[in-house]
There are 2 protein chains.
Amino acid sequence: MPDTRPDPPAEVEDCPVREVLDRVADKWSVLVIVLLGRRPHRFGELHRGIEGISQRMLTLTLRQLERDGLVRRTVHASVPPRVDYELTPLGRTLLAPLTALNEWAIAHRDDIRAARARYDRATAE
Amino acid sequence: MPDTRPDPPAEVEDCPVREVLDRVADKWSVLVIVLLGRRPHRFGELHRGIEGISQRMLTLTLRQLERDGLVRRTVHASVPPRVDYELTPLGRTLLAPLTALNEWAIAHRDDIRAARARYDRATAE
DNA sequence: CGGCATCCGGTAGGATACTG
DNA sequence: CAGTATCCTACCGGATGCCG
């Protein structure tokens with residue numbers, strides 16, 4: 001007999017998980033993590049490596065990721081100053097699911113583009 | 001000999017992938033897809049099932065997902081009107097990577113909360 | 001070079017009211 | 001019930017300028 005209770009009782013995410021998903025669901029976080037997954041990067045490298053991100057947003061994103069324990073920030077006291085960013089062990093565990101997502105995106109982008117074109121054609125009357 | 005070229009030549013995502021990720025990286029899309037992954041839902045069910053979403057955003061999210069070919073919308077001509085939403089086959093293929101992400105969030109939320117507390121304590125001096 | 005502070009416009013998105 | 005339409009605000013995020 002199927003479960004006929006009105007709904008899965010709760011509201012999908014009872015907020016602790018939402019905190020995490022909100023971070024992951026961020027536009028820039030994913031890109032930063034993927035890049036750092038290859039190797040450590042300097043600030044400027046990330047800035048150049050992620051098309052369209054502003055200096056401000058890169059800084060904010062890195063701070064968030066550092067706060068969440070996903071990224072480690074290392075300052076080298078030199079002139080000119082040098083700051084390296086790398087994934088923590090925790091950050092590296094996130095890499096697998098993110099990579100899966102990225103590969104899905106690559107594998108299905110044509111399907112999606114086609115679906116959009118179809119939808120737009122249909123709704124334009 | 002290791003690859004010493006300045007960077008992985010491009011900018012991570014040359015924009016087609018970004019289109020896809022932007023959709024997936026949306027706060028509400030993920031929740032809608034996860035819910036629809038269990039079974040088809042009516043509009044009102046989704047509205048009640050996703051805590052905090054406004055009617056407006058639910059509508060917009062569903063339209064986007066429909067446009068991307070991830071969700072199918074079925075209108076039953078009855079009184080009162082009834083509209084069902086369900087994942088398309090394409091949408092169902094997205095379920096696996098999203099579930100992986102969700103499980104990661106659950107598995108590591110304590111780590112993240114701890115990291116945040118540590119960071120906040122350290123930065124508050 | 002790698003930031004932070006400030007300003008500021010655009011827009012994402014909530015609240016509310018109305019419709020088929 | 002399942003939306004549209006309108007309004008209105010918060011804050012996201014870009015541009016600029018200064019500092020260690």
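No experiment lies behind these values; they were computed from the predicted model shown.
- Between the CZ atom of B:Arg42 and the P atom of D:dG3 there is a distance of 10 Å, given to the nearest Å.
- In this entry the distance linking NE2 of B:His41 with C1' of D:dG3 reads 19 Å, nearest Å.
- In the set C:dC1, D:dG13, C:dG3, the nucleotide with an atom closest to the side chain of A:Met57 is D:dG13.
- Regarding A:Ile53, its CD1 atom lies at a distance of 12 Å from the C1' atom of D:dG14, rounded to whole Å.
- With contacts defined as side-chain heavy-atom distances shorter than 4.5 Å, the pair A:Leu36/A:His41 qualifies.
- Between the NZ atom of B:Lys27 and the C1' atom of C:dG13 there is a distance of 10 Å, given to the nearest Å.
- Looking at the side chain of A:Gln55, the nearest of the listed nucleotides D:dG17, C:dG14, D:dG3 is D:dG17.
- Only B:Arg63, B:Arg73, listed by number, bring a heavy atom of residues 60-76 of chain B to less than 4.0 angstrom from any atom of DNA chain D.
- Counting only distance, with no hydrogens or angles, the side chain of A:Thr88 and the backbone of A:Gly91 share a donor-acceptor pair below 3.5 Å.
- Rounded to an integer number of Å, the gap from CG of B:Leu58 to P of C:dA12 is 17 Å.
- Considering only the side chain of B:Pro81, D:dC1 comes nearest among C:dG2, D:dC1, D:dG3.
- Rounded to a whole Å, the CZ atom of B:Arg48 is 12 Å from the C1' atom of D:dA2.
- The side chain of B:Arg56 lies closest to C:dG14 when the candidates are D:dC1, C:dG14, C:dG2.
- Not one side-chain nitrogen or oxygen of A:Arg82 sits closer than 4.0 Å to the OP1 or OP2 atom of C:dG2.
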Set out, in order, the CA-CA distance, both residues' side-chain angles and the distance that settles salt bridge (Lys or Arg N to Asp or Glu O under 4.0 Å) for B:Asp120 and B:Arg118, then state yes or no.
CA-CA 6 Å; B:Asp120 291 345; B:Arg118 222 178 305 122; over 6 Å; no
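- As rounded to whole Å, 8 Å separates atom P of D:dA2 from atom CD of B:Glu45.
- At the phosphate of D:dC1, neither OP1 nor OP2 sits under 4.0 Å from any side-chain N or O atom of B:Tyr85.
- Between A:Glu86 and A:Arg92 there is no salt bridge, since no side-chain N of the basic residue sits under 4.0 Å from a carboxylate O of the acidic one.
- The shortest heavy-atom contact between B:Phe43 and B:Leu62 is CD1-CD1, 3.9 Å.
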